[in-house]
Number of protein chains: 2
Amino acid sequence: MADQTDSSDDIVLNDFLCFGLYAGNHAMNRVYQPLLKALGLTYPQYLVMVMLWAHDDQSVGELGRKLYLESNTLTPMLKRLEALGYVSRGRDPQDERQVRIRLTKQGKAMQTEAACIPPEIIEATGMSIEELKGLVTKIDSLRSNLSDWAQERSAS
Amino acid sequence: MADQTDSSDDIVLNDFLCFGLYAGNHAMNRVYQPLLKALGLTYPQYLVMVMLWAHDDQSVGELGRKLYLESNTLTPMLKRLEALGYVSRGRDPQDERQVRIRLTKQGKAMQTEAACIPPEIIEATGMSIEELKGLVTKIDSLRSNLSDWAQERSAS
DNA sequence: TCAATAAATATCGTGCACGATTAAATCGTG
DNA sequence: CACGATTTAATCGTGCACGATATTTATTGA
């Protein structure tokens with residue numbers, strides 16, 4: 001009985017954890033929203049742009065693996081980004097199955113406009129860089145564990 | 001110049017933080033999904049049920065304040081829970097503006113079925129109770145800071 | 001070679017999230 | 001009492017997230 005805590009405690013803790021992520025994500029969204037409105041981007045669209053700024057010319061699948069999203073979510077989103085004039089979409093001549101996403105001139109130019117956002121977010125968190133680094137590590141480790149568990153689950 | 005770290009570091013850190021919450025939330029969703037499918041609930045619906053199990057008979061507004069959601073999200077969700085037979089919706093006779101949400105017999109009964117979920121989630125996190133407690137505290141503190149910042153922003 | 005399989009993307013339907021707006025009930029103050 | 005302001009839900013439109021399925025291209029193996 002030393003290796004297991006009180007189960008009612010587990011319930012509460014779990015609820016707070018799942019809810020914490022849920023609410024934390026929403027709160028982050030709401031901080032980003034006014035900042036992104038100036039760029040005409042939504043939060044998920046911004047994440048796509050961040051990925052492309054880091055590494056231009058990626059396939060839908062590559063973006064999906066990094067963002068943990070699939071084509072059913074990405075395709076419509078990328079079409080919107082294309083309609084906004086920030087990316088181009090085109091089949092890869094070497095493998096016509098793939099669609100390659102590239103930044104347009106306008107999309108590249110946005111990176112400098114967006115540079116003002118991260119410092120604002122850091123400030124909004126009200127945490128020190130050290131605290132944030134620790135939190136990022138913990139959350140990523142949590143995400144990784146959860147992903148592994150879901151993976152094993154679906155395999156069985 | 002001692003009070004500000006390298007700004008390029010900030011950019012990376014910020015991107016990882018926002019993305020961490022985003023991806024962590026998704027991962028949590030994906031762990032819950034197969035468990036909740038047995039109950040016929042979605043993740044946000046489950047959160048509503050958790051709130052009602054803790055305290056039955058709440059108004060839409062009360063639920064919204066706890067879940068950080070508003071009627072535009074809650075009303076359709078609560079109607080679905082009503083259609084599923086888990087809650088009832090009715091105007092408060094004392095204040096006809098309010099709609100009170102109550103668990104049905106079936107909704108109350110589900111609590112015992114759902115009791116098996118939290119321990120599974122705890123296991124899926126692959127973390128110790130102490131680690132989780134620390135993480136929950138940190139994330140909630142982050143959420144609180146972000147909310148305050150968004151609040152001040154919109155006020156100005 | 002060519003049919004079966006696999007891989008990559010797209011489509012469709014449902015449910016959440018949220019800004020903006022609307023409608024109804026209540027409250028407050030003259 | 002009356003009427004404007006406030007509170008509470010609901011409605012509408014758009015975009016994300018995702019399960020299930022379809023479509024197209026590439027690969028593999030008799």
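Letters A, B, ... are given to chains in the order of the sequence lines, protein chains preceding strands, and every chain is numbered from 1.
Under a 3.5 Å cut-off, the side chain of A:E131 and the backbone N or O of A:S128 do form a donor-acceptor pair. Between the A:Q45 side chain and the A:T42 main chain, a donor and an acceptor come within less than 3.5 Å of each other.
Counting non-hydrogen atoms under 4.0 angstrom, A:R100 reaches nothing in the nucleic acid. Counting non-hydrogen atoms under 4.0 angstrom, A:K37 reaches nothing in the nucleic acid. A:E70 comes within 4.0 angstrom of no nucleic acid atom, judged by non-hydrogen atoms across all strands. Using a 4.0 Å heavy-atom criterion, one finds that A:T42 contacts the sugar-phosphate atoms exclusively. When heavy atoms are screened at a 4.0 angstrom cut-off, B:L69 is found touching the sugar-phosphate backbone but no base atom. Heavy atoms of A:R89 sit under 4.0 angstrom from primed sugar atoms or phosphate atoms, though from no base atom.
Under the 30°/60° scheme for interplanar angles, the aromatic rings of A:Y46 and A:Y32 are found to be tilted.
The phosphate of C:dT9 (OP1 or OP2) has no side-chain N or O of A:K79 nearer than 4.0 angstrom. Under 4.0 angstrom from either OP1 or OP2 of C:dA8 there lies no side-chain N or O belonging to A:S59.
Here C:dG19 is the nucleotide among C:dG19, C:dT26, C:dA17 with the atom lying nearest to any side-chain atom of B:N72. Residue B:V60 has its side chain nearest to D:dA9 when only C:dT11, D:dA9, C:dG15 are considered. Closest approach to the A:E96 side chain among D:dA9, D:dT25, C:dT9 is made by D:dT25 (side chain taken as heavy atoms from C-beta onward). Nearest to the side-chain atoms of B:D95 among the listed nucleotides C:dT26, D:dA26, D:dA9 stands C:dT26.
Across the protein-nucleic acid pair, A:N29 atom CG and C:dC18 atom C1' stand 10 Å apart, rounded to whole Å. When rounded to the nearest whole Å, the span between OH of A:Y43 and C1' of D:dA17 equals 15 Å. Spacing between atom CG of B:D92 and atom P of D:dA9 amounts to 9 Å, rounded to whole angstrom units. Atom CG of A:L36 and atom C1' of D:dG15 are 14 Å apart (whole Å). One interatomic measurement links the two molecules: CG of A:L63 to P of C:dA8, which rounds to 14 Å at whole-angstrom precision. Atom NE2 in A:H26 sits roughly 11 Å away from atom P in C:dG19 (whole-Å rounding). For the pair B:Q33 CD and C:dG15 C1', the computed distance is 11 Å after rounding to whole Å. In this structure, CZ of B:R91 is placed 8 Å from C1' of D:dA10, rounded to the nearest angstrom.
Side-chain N/O atoms of B:R97 and base N/O atoms of D:dT7 include a donor-acceptor pair closer than 3.5 Å. Donor-acceptor pairing under 3.5 Å, judged by distance alone, is absent between the side chain of A:S71 and the base of C:dA8.
Using a 4.0 Å cut-off between charged nitrogen and carboxylate oxygen, B:E82 and B:R102 do not count as a salt-bridge pair. Ionic pairing of B:R65 and B:E70 is not present here: no N-O contact between side-chain nitrogen and carboxylate oxygen is shorter than 4.0 angstrom.
Of the candidates B:Q98, B:R100, B:H55, B:E62 forms a side-chain hydrogen bond (donor to acceptor under 3.5 Å, both in side chains) with just one, namely B:R100.
Comparing A:R65 and A:Y22 against DNA chain C, the residue whose closest nucleotide sits nearer the 5' end is A:R65. Each of A:Q98 and B:Y68 was matched to the nucleotide of DNA chain C holding its nearest heavy atom; the match closer to the 5' end belongs to A:Q98.
Pair assignment for C:dG30: D:dC1, on the basis of Watson-Crick or G-U wobble contacts that are both within less than 3.5 Å.
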